[in-house]
2 protein chains.
Amino acid sequence: MGIFSKSCEYGLRAVVYVADASAEGRKVGVKEVAEEIDSPVHFLAKILQNLSKQGILSSSKGPGGGFFIEKSALNLSLAKVVEAIDGRSLFEGCAMGLKKCSAKKPCPLHDDFGMIRSKITKMLESQTIGDFRDNLLKVDYFLDT
Amino acid sequence: MGIFSKSCEYGLRAVVYVADASAEGRKVGVKEVAEEIDSPVHFLAKILQNLSKQGILSSSKGPGGGFFIEKSALNLSLAKVVEAIDGRSLFEGCAMGLKKCSAKKPCPLHDDFGMIRSKITKMLESQTIGDFRDNLLKVDYFLDT
DNA sequence: AAAATAAAGGATATACTTGTCTTTTATTGA
DNA sequence: TCAATAAAAGACAAGTATATCCTTTATTTT
């Protein structure tokens, strides 16, 4: 994999798609989202349920229902989305898996890797879901894969 | 997982351990390496075989045999080790998995992520196996986990 | 030549991720 | 109330990473 899991890639794409629909006042079903972001329907369903449970997305059942995002949630950072799906492993631990590695006794990758980590963190924390959608709208392919 | 797979963590630790033994003119068996770097023996065996096949480590069978590293291979970068084990996925592709994402039509993470990528690459390419061993020797835990 | 050693290779097991399918629950509208 | 809709939930299947075990091959030593 790349830096994110497949779940996380789908999750990020889905969140921005839902955000876009919500901006138009539309709720969207899993099937529609899956088609638009090119992901397996049922697998995505789990991801969206998880994101709902964690308060990042919202959902309503029944006719006219579907997934949507609250205005306030647009201010959540991408880091929140990533953490909700992949957990904190991307943000923690020694690159080589050395348990004794620490700032005081750093392994040879520790400092460089720490910098990289903080840049990843910054990248994900400095962009909100709302920003992300606005920025992605600017490219003419949006979410086509 | 962190940024590297478990195989890759074990591989990096093993390579530096073998390099250390080779500096003392010793060849080392899988079992010894596995114990010292805290990894499953048979699983590590596969990894070491792979690294041998790819010319990063060397090995000899029979009594007195084991794994070692050629002087010349000490100049190989950590990037080579990572690539031998995890392939190039860490170095390629859009963070969100968008196939149409490119420098011309970048997704909102593209530029930041590109920078991060190049830092990861630089970190791994600028340190050779030999450097890595020398640096790791400086911390008093070496490879204790 | 025989025995011992150690890597190489293959078969299998387990866990986790990814993906699919079916049933259940909640909600809406007729 | 009944039918339709859509998420929630659970069971299951496939694929990949991780881990173990056993056999084979090459080498060395006796």
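In the text below, chain A, chain B and the rest are named by the order of the sequence lines, each starting its count at 1. These numbers come from the heavy atoms of this one structure, side chains and all, not from hydrogens, waters or symmetry mates.
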K.L.:
Of the nucleotides D:dA7, C:dA7, D:dT18, which has the atom closest to the A:Ser59 side chain?
P.N.:
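Of all the options, the side chain of A:Ser59 is nearest to D:dA7.
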
K.L.:
Which whole-number value in Å describes the distance from B:Gln54 CD to C:dA8 C1'?
P.N.:
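Atom CD in B:Gln54 sits about 15 Å away from atom C1' in C:dA8.
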
K.L.:
Please classify the nucleic acid contact of A:Lys53 as base, sugar-phosphate, or nothing, using heavy-atom distances under 4.0 Å.
P.N.:
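A:Lys53: backbone/sugar contact only, no base atoms under 4.0 Å.
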
K.L.:
Please determine, for the side chain of B:Pro40, which listed nucleotide (D:dT20, C:dA8, C:dT22) has the closest atom?
P.N.:
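Output: D:dT20.
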
K.L.:
Is a donor-acceptor pair below 3.5 Å formed from side chain B:Lys46 to base C:dG10, judging by atom type as modelled?
P.N.:
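By the distance-only test, yes, there is a pair.
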
K.L.:
Taking C-beta and beyond as the side chain, do A:Arg13 and B:Leu98 meet within less than 4.5 Å on heavy atoms?
P.N.:
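When only atoms from C-beta onward are counted, B:Leu98 and A:Arg13 do touch, with a gap below 4.5 Å.
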
K.L.:
In this structure, how many angstroms lie between the P atom of D:dA17 and the CG atom of B:Asn50, rounded?
P.N.:
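Atom CG in B:Asn50 sits about 13 Å away from atom P in D:dA17.
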
K.L.:
Show your reasoning for whether side chain to side chain contact (heavy atoms under 4.5 Å, CB included) applies to A:Asp20 and A:Glu24.
P.N.:
CA-CA 7 Å; A:Asp20 191 54; A:Glu24 301 170 351; 4.2 Å; yes

K.L.:
In whole angstroms, how far is the C1' atom of D:dA8 from the CG atom of A:Leu57?
P.N.:
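After rounding, the reported distance stands at 15 Å.
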
K.L.:
Quick check for you: among D:dA8, C:dA8, D:dA4, whose closest atom lies nearest to any side-chain atom of B:Gln49?
P.N.:
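So the side chain of B:Gln49 is nearest to C:dA8.
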
K.L.:
It should be established whether B:Tyr10 places a side-chain nitrogen or oxygen under 4.0 Å from OP1 or OP2 of nucleotide D:dT18.
P.N.:
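For B:Tyr10, the contact criterion (side-chain N or O under 4.0 Å from OP1 or OP2 of D:dT18) is not met.
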
K.L.:
Measure the distance from CE on A:Met1 to P on D:dT18 and round it to the nearest whole Å.
P.N.:
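Computing the A:Met1:CE to D:dT18:P distance gives 14 Å.
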
K.L.:
Calculate the interatomic distance between B:Phe43 atom CZ and D:dT20 atom P; express it in whole Å.
P.N.:
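It works out to 10 Å between those atoms.
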
K.L.:
Looking at D:dT25, does its base get a donor-acceptor pair with the side chain of B:Lys61 below 3.5 Å?
P.N.:
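Under the 3.5 Å cut-off, the side chain and the base do form a donor-acceptor pair.
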
K.L.:
A:Lys6 has a side chain; which of D:dA8, C:dT18, D:dA19 sits nearest to it?
P.N.:
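Within the option list, the nearest is C:dT18.
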
K.L.:
If I take atom NE2 in residue A:His42 and atom C1' in nucleotide D:dA14, what distance separates them, rounded to the nearest angstrom?
P.N.:
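These atoms are roughly 15 Å apart.
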
K.L.:
Is B:Phe113 close to B:Cys94 at the side-chain level, that is, under 4.5 Å between some pair of heavy atoms?
P.N.:
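Result no, sub-4.5 Å side-chain heavy-atom pair not found.
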
K.L.:
At under 4.0 Å, does any side-chain N or O of B:Ser7 touch on OP1 or OP2 of D:dT18?
P.N.:
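So the side-chain polar atoms of B:Ser7 do come within 4.0 Å of the phosphate oxygens OP1 or OP2 of D:dT18, strictly under.
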
K.L.:
How many Å lie between CD1 on A:Ile47 and P on D:dA7, as a whole number?
P.N.:
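To the nearest whole Å, that distance equals 15 Å.
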
K.L.:
Under 4.5 Å between any side-chain heavy atoms of A:Phe67 and A:Leu51, yes or no?
P.N.:
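Contact flag for A:Phe67/A:Leu51 side chains = no.
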
K.L.:
Between P on D:dA4 and NZ on A:Lys31, what's the gap in Å once rounded to a whole number?
P.N.:
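It is 16 Å, rounded to the nearest whole Å.
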
K.L.:
Take A:Gly64 and A:Leu44, find for each the nucleotide of DNA chain C with the closest heavy atom, and name the residue whose nucleotide sits nearer the 5' end.
P.N.:
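Closest to the 5' end, via its nearest nucleotide, is A:Leu44.
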
K.L.:
Using the side-chain heavy atoms of B:Ser5, tell me which of these nucleotides is nearest: D:dC21, D:dA8, D:dT18.
P.N.:
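Taking heavy atoms from C-beta onward, the closest nucleotide is D:dT18.
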
K.L.:
Side chain of A:Pro63, heavy atoms from C-beta onward: which of D:dT5, D:dT20, D:dA7 has the nearest atom to it?
P.N.:
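Nearest to the side chain of A:Pro63 among the choices is D:dT5.
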
K.L.:
Could you walk me through whether B:Lys53 and B:Asn50 pass the side-chain hydrogen bond (donor to acceptor under 3.5 Å, both in side chains) check?
P.N.:
CA-CA 5 Å; B:Lys53 209 177 302 185; B:Asn50 176 25; over 6 Å; no

